[in-house]
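So you know, we letter chains A, B, ... as the sequences are listed, proteins then strands, and number each from 1.
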There are 2 protein chains.
Amino acid sequence: MKEHGIEGVCSVHEEAVRRILANRPSEEHLFEMAELFKVFGDPTRMKILYALLESELCVGDLALLLSMNQSAVSHQLKVLKDASLVRSRRVGKNIYYALSDGHVSTIVSMGMEHVCE
Amino acid sequence: MKEHGIEGVCSVHEEAVRRILANRPSEEHLFEMAELFKVFGDPTRMKILYALLESELCVGDLALLLSMNQSAVSHQLKVLKDASLVRSRRVGKNIYYALSDGHVSTIVSMGMEHVCE
DNA sequence: ATATCATATGAACAATCATTCATATAAAGA
DNA sequence: TCTTTATATGAATGATTGTTCATATGATAT
């Protein structure tokens, strides 16, 4: 007999559901992963990441590259930095941004592969 | 001499900017990639993907698993399907959902790795 | 045929988000 | 010290999005 849970939904594979529920990553980890991917999910940030894949750049470079104003770029860089995807260092009046680790390029390449099919 | 482009931004590495601009993926590809990652960027969809990583399931199963109503799950499954991340087949009154290819699990694993550090 | 069940879909609403504008900070030069 | 330059940041706004509710579709069973 099929199980009817919340709001009358009918689960056909209750067994599997219980097993999955027991083995899946914590709610917190799942949220963090979604947060991470959300950061990749914007064209502006994707362009920034792609650029930094090639070379360290400062804010003005990126603004020129993206044809966007400095403020917009700066805001997005903050998002990227909060997600630990980029790091920054100050050199005089300029601030240089670079990718913070190797995961970034792996994830980006994976996305590119999926898209190019 | 530093270059001052749109809106007075100052580019320090004009050389690099030009090179990156010449070599980077098309605007369209960059948009598609962002769109792809956007789909991963939601906890509900991440949970669905993680579940389907383990086994094929139908809508009611997922609703039970996520403690969400059928409609919400169905809407998100549509998003996943439009992004070609899942496929579906009908068996009687039920519709079974499964991951559509291997990229998905690779991308998800990559995200998990990044988060678990 | 009709009732029921599983799923899909459209409209509405609240919440989130990217960009802009204006302004703040922090370094360098005069 | 005062100005200029590079970047950051807060508030406002328009656009996008996830969920809910109500309803539609499509299949089975009586």
Checklist entry - Please, which pairs that meet side-chain hydrogen bond (donor to acceptor under 3.5 Å, both in side chains) have at least one residue in residues 73-87 of chain B, sequence neighbours excluded? => result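 Every pair satisfying side-chain hydrogen bond (donor to acceptor under 3.5 Å, both in side chains) with a residue in residues 73-87 of chain B: B:Arg45-B:Gln76, B:Lys78-B:Asp82, B:Lys81-B:Ser88.
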
Checklist entry - Of all residues at least two apart in sequence or in a different chain, which pass the side chain to side chain contact (heavy atoms under 4.5 Å, CB included) check with A:Asp101? => result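 With neighbours one apart ignored, the set is A:His103, A:Val104, B:His114.
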
Checklist entry - What pairs with A:Ala83 under side chain to side chain contact (heavy atoms under 4.5 Å, CB included), at least two apart in sequence or on another chain? => result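 Per chain and number, A:Ala83 pairs via side chain to side chain contact (heavy atoms under 4.5 Å, CB included) with A:Val39, A:Leu85.
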
Next on the checklist: With the threshold set at under 4.0 Å for non-hydrogen atoms, list the residues of residues 28-53 of chain A touching DNA chain D in residue-number order.
Outcome noted: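 Residues of residues 28-53 of chain A under 4.0 Å from DNA chain D: none.
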
Which whole-number value in Å describes the distance from [X] [atom1] to [N] [atom2]?
| X | N | atom1 | atom2 | result |
| --- | --- | --- | --- | --- |
| A:Leu77 | D:dT9 | CG | P | 11 Å |
| B:Leu57 | C:dA6 | CG | P | 15 Å |
| A:Lys78 | C:dC17 | NZ | P | 13 Å |
| B:Leu80 | D:dG18 | CG | C1' | 13 Å |
| B:Gln76 | D:dG18 | CD | P | 5 Å |
| A:Glu14 | C:dA6 | CD | P | 13 Å |
| B:Leu62 | D:dT19 | CG | P | 13 Å |

Checklist entry - Quick one: is A:Asn94 getting a side-chain N or O under 4.0 Å of the D:dA6 phosphate, OP1 or OP2? => result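 For D:dA6, neither OP1 nor OP2 has a side-chain N or O of A:Asn94 closer than 4.0 Å.
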
Next on the checklist: With a 4.0 Å cutoff (strictly under), does any side-chain N or O of A:Tyr96 reach OP1 or OP2 of D:dA6?
Outcome noted: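 For D:dA6, neither OP1 nor OP2 has a side-chain N or O of A:Tyr96 closer than 4.0 Å.
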
4.5 Å side-chain heavy-atom contact, [X] and [Y]:
| X | Y | value |
| --- | --- | --- |
| B:Val86 | B:Leu49 | yes |
| B:His29 | B:Arg24 | no |
| B:Leu30 | A:Pro43 | no |
| A:Ser11 | B:Asp61 | yes |

Checklist entry - According to the interplanar angle, ranging from 0 to 90°, do the rings of A:His13 and B:Tyr96 count as parallel (below 30°), tilted (30 to 60°) or perpendicular (above 60°)? => result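 Ring orientation of A:His13 relative to B:Tyr96: perpendicular.
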
Next on the checklist: Walk along nucleotides 23-30 of chain D from 5' to 3' and tag each nucleotide B, S or - by protein heavy-atom contact under 4.0 Å, base first, then sugar-phosphate.
Outcome noted: ----BS--

Item to check | A:Arg19 and A:Glu15 ion-paired at < 4.0 Å | outcome: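 Looking at A:Arg19 and A:Glu15, the cut-off is not met.
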
Item to check | Terminal axes of the helix from C:dA1-D:dT30 to C:dA30-D:dT1 (five pairs each): angle between them, nearest 10 degrees | outcome: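 Overall, the helix from C:dA1-D:dT30 to C:dA30-D:dT1 bends by 10° from one end axis to the other.
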
Checklist entry - Considering only C:dA22, D:dA6, D:dT20, which nucleotide approaches the side chain of B:His75 most closely? => result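 In terms of side-chain proximity for B:His75, the closest of C:dA22, D:dA6, D:dT20 is D:dT20.
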
